[in-house]
2 protein chains.
Amino acid sequence: MLRAAVALADERGAEGLTMRKLATELGVEAMSLYNHVASKEDLLDGMVDIVFGEIDFSSDSPDWKAAMRQRAIATRNALLRHRWATGLMESRTNPGPESFRVHDAVLGCLRRAGFSLEMTVHAYSAQDAYIYGFALQEKTLVFDTSDEGAAEAARQMQEFEAVLADYPHLVEVVGGHVAKAGYNFDAEFLFGLDLILDGLDRLRGRN
Amino acid sequence: MLRAAVALADERGAEGLTMRKLATELGVEAMSLYNHVASKEDLLDGMVDIVFGEIDFSSDSPDWKAAMRQRAIATRNALLRHRWATGLMESRTNPGPESFRVHDAVLGCLRRAGFSLEMTVHAYSAQDAYIYGFALQEKTLVFDTSDEGAAEAARQMQEFEAVLADYPHLVEVVGGHVAKAGYNFDAEFLFGLDLILDGLDRLRGRN
DNA sequence: ACCTGAACACCGTTCAAGT
DNA sequence: ACCTGAACACCGTTCAAGT
């Protein structure tokens with residue numbers, strides 16, 4: 001049932017996930033779901049933990065930076081597969097076992113690498129803020145490649161053009177670089193990630 | 001009207017903002033709102049732009065790092081005042097003039113500081129992912145100080161205790177540091193922010 | 001130009017009743 | 001133990017009708 005809910009949200013988005021639609025998907029009436037789940041919030045908790053379960057992170061590597069890098073990439077990939085989960089992963093008040101597993105593994109990796117208690121919290125906080133924040137931005141900025149999407153984008157660009165005269169830097173940077181072919185979210189993600197990891201490496205052992 | 005909507009969302013949260021409730025707040029029927037707004041999405045666009053309007057950023061400082069730091073803090077403060085906006089700021093497909101103003105000012109500041117086009121995008125992306133991601137985490141983690149909140153927290157802690165034996169690092173780090181008095185979100189935010197800004201400074205002029 | 005009553009197509013959820 | 005029909009209290013939104 002949780003699996004069906006995840007599949008439905010993957011296909012139709014967060015607002016496409018409805019108790020009624022999920023029920024019909026399962027060949028059942030909406031009210032039957034309440035025999036397996038206390039509420040929709042409860043359902044979402046379970047779904048989020050499934051996504052955490054897809055982040056496989058084996059922390060036994062001797063190279064903490066490589067391990068953290070791999071885990072960050074795995075997290076982002078899981079969020080790309082389940083865009084509806086972005087913004088929900090860190091905002092659930094009832095974390096599940098897979099969430100605990102991942103967090104514990106990350107903290108263990110950092111402690112073993114020689115980070116102090118304080119620095120471990122700093123490192124964890126900075127990395128996760130970045131990972132989830134990047135996914136949040138990417139969720140919107142990814143271009144709709146459908147026909148209507150392209151038409152809509154063209155329409156917006158035209159509408160913007162009159163206004164954009166007031167924002168020269170926006171024009172220069174977006175028009176001159178981001179809108180060009182070759183701009184790559186994967187590379188962008190890795191830039192910021194490595195910036196943080198390198199910075200943390202410099203502070204390892206401190207405090 | 002937008003102001004009233006923001007006030008209502010500040011008080012009752014995102015899900016407390018309803019066309020019907022907003023209407024009664026304004027002494028009017030729900031359907032009347034559609035004379036001033038095309039839809040609820042349109043309303044949210046306007047509200048988000050009000051929040052962007054509260055981020056005052058004068059980029060004429062010669063010290064780019066100080067300017068970016070101040071702007072990051074101003075952004076976080078705006079999000080603390082309007083928690084419902086976290087997760088919406090970067091996810092609107094119809095950005096308003098205040099959004100353009102802030103983004104243009106940031107890009108201009110970076111360009112003037114000597115960042116290349118490519119590096120400007122990197123710097124902007126890394127910072128904003130961090131700022132909005134941090135706000136997203138903080139939104140949940142901030143403790144409810146009401147009586148029910150405290151009772152709920154105590155209940156959860158007890159419930160968790162049995163499980164936590166499997167997660168030694170979680171126990172060590174959360175129990176030994178984060179749960180202690182003195183843990184401070186402001187300081188945590190600044191740590192990651194300065195980590196990124198210092199890293200960017202090292203790369204300025206490159207590429 | 002602005003407001004409204006009635007209505008439509010949805011939500012999540014409860015509860016007594018069925019098997 | 002699991003399912004269901006009917007119902008409740010909500011949503012956003014449309015539209016013809018009023019001033």
Side-chain angles (χ1 to χ4, degrees), chain A residues 1-51 82-89 91-96 139-140 148 152, chain B residues 1-51 82-89 91-96 139-140 144 148 152 155:
Chain A
M1 158 172 182
L2 284 177
R3 223 87 63 184
V6 168
L8 187 61
D10 288 348
E11 267 179 50
R12 324 255 283 250
E15 58 306 3
L17 176 71
T18 279
M19 297 304 266
R20 282 168 161 90
K21 281 181 199 153
L22 174 59
T24 53
E25 200 80 7
L26 291 165
V28 109
E29 296 299 316
M31 320 82 200
S32 308
L33 300 178
Y34 290 89
N35 282 309
H36 307 91
V37 161
S39 63
K40 194 180 181 179
E41 287 297 296
D42 193 29
L43 177 70
L44 287 173
D45 284 338
M47 292 168 66
V48 164
D49 215 48
I50 283 189
V51 178
H82 311 291
R83 290 181 189 279
W84 53 268
T86 310
L88 259 56
M89 301 289 282
S91 75
R92 300 273 85 196
T93 33
N94 284 313
K139 189 185 176 187
T140 318
E148 317 99 81
E152 167 71 7
Chain B
M1 158 173 181
L2 284 177
R3 224 86 64 181
V6 169
L8 187 62
D10 287 348
E11 267 178 51
R12 324 254 282 251
E15 60 300 8
L17 176 72
T18 277
M19 297 305 265
R20 283 168 161 89
K21 281 181 200 155
L22 175 58
T24 53
E25 199 80 8
L26 291 166
V28 109
E29 296 299 317
M31 318 84 199
S32 309
L33 300 178
Y34 289 90
N35 282 309
H36 307 90
V37 162
S39 64
K40 193 179 182 181
E41 287 297 296
D42 192 28
L43 177 70
L44 287 173
D45 284 337
M47 292 169 65
V48 163
D49 215 48
I50 284 189
V51 178
H82 310 292
R83 290 181 188 278
W84 53 269
T86 308
L88 258 55
M89 301 289 283
S91 76
R92 300 274 84 195
T93 31
N94 285 312
K139 190 184 176 186
T140 319
D144 188 348
E148 317 100 80
E152 168 70 8
R155 199 192 55 74

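This structure is a prediction, so every number in the text was calculated from the model and none was measured. Per chain, numbering begins at 1; letters A, B, ... match sequence-line order.
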How many angstroms lie between [atom1] in [X] and [atom2] in [Y], if you round to the nearest 0.5 Å?
{"X": "B/E11", "Y": "B/L17", "atom1": "CD", "atom2": "CG", "value": "11.5 Å"}
{"X": "A/L43", "Y": "A/L33", "atom1": "CG", "atom2": "CG", "value": "8.0 Å"}
{"X": "A/L44", "Y": "A/D49", "atom1": "CG", "atom2": "CG", "value": "12.5 Å"}
{"X": "A/M47", "Y": "A/D42", "atom1": "CE", "atom2": "CG", "value": "12.0 Å"}
{"X": "B/K21", "Y": "B/R12", "atom1": "NZ", "atom2": "CZ", "value": "5.0 Å"}

Query raised in the report: Heavy atom of residues 2-12 of chain A under 4.0 Å from DNA chain D: which residues?
Result: none

**Report entry** DNA chain C: stems of at least 3 consecutive Watson-Crick or G-U pairs whose donor-acceptor distances fall under 3.5 Å
**Finding:** C:4-8 with D:12-16, C:12-16 with D:4-8

Could you run down the sub-3.5 Å N/O contacts of the protein with nucleotides 16-19 of chain C?
none

Taking side-chain contact (heavy atoms from CB on, under 4.5 Å) as the test, write out the residues that go with [X], two or more places apart.
{"X": "A/A4", "result": "A/L22, A/L26"}
{"X": "B/T24", "result": "none"}
{"X": "B/E25", "result": "B/L8"}
{"X": "B/A14", "result": "B/W84"}

Query raised in the report: Taking only residues at least two apart or on different chains, which pairs with a member in residues 30-39 of chain B satisfy side chain to side chain donor-acceptor pair (under 3.5 Å)?
Result: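 Every candidate side chain to side chain donor-acceptor pair (under 3.5 Å) pair involving residues 30-39 of chain B fails, so no pair, neighbours aside, qualifies.
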
Query - salt bridge (charged side-chain N to carboxylate O under 4.0 Å, His left out) against A/D45, all qualifying residues, sequence neighbours excluded - result: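 Listed in chain order: A/R92.
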
Query raised in the report: Which nucleotides of nucleotides 1-13 of chain C have their base under 4.0 Å from a protein heavy atom (B), which only their sugar-phosphate (S), and which neither (-), written as one string 5' to 3'?
Result: -SBBBBB---BBB

Query raised in the report: How about A/M1 and A/V37: do any of their side-chain heavy atoms sit closer than 4.5 Å?
Result: yes

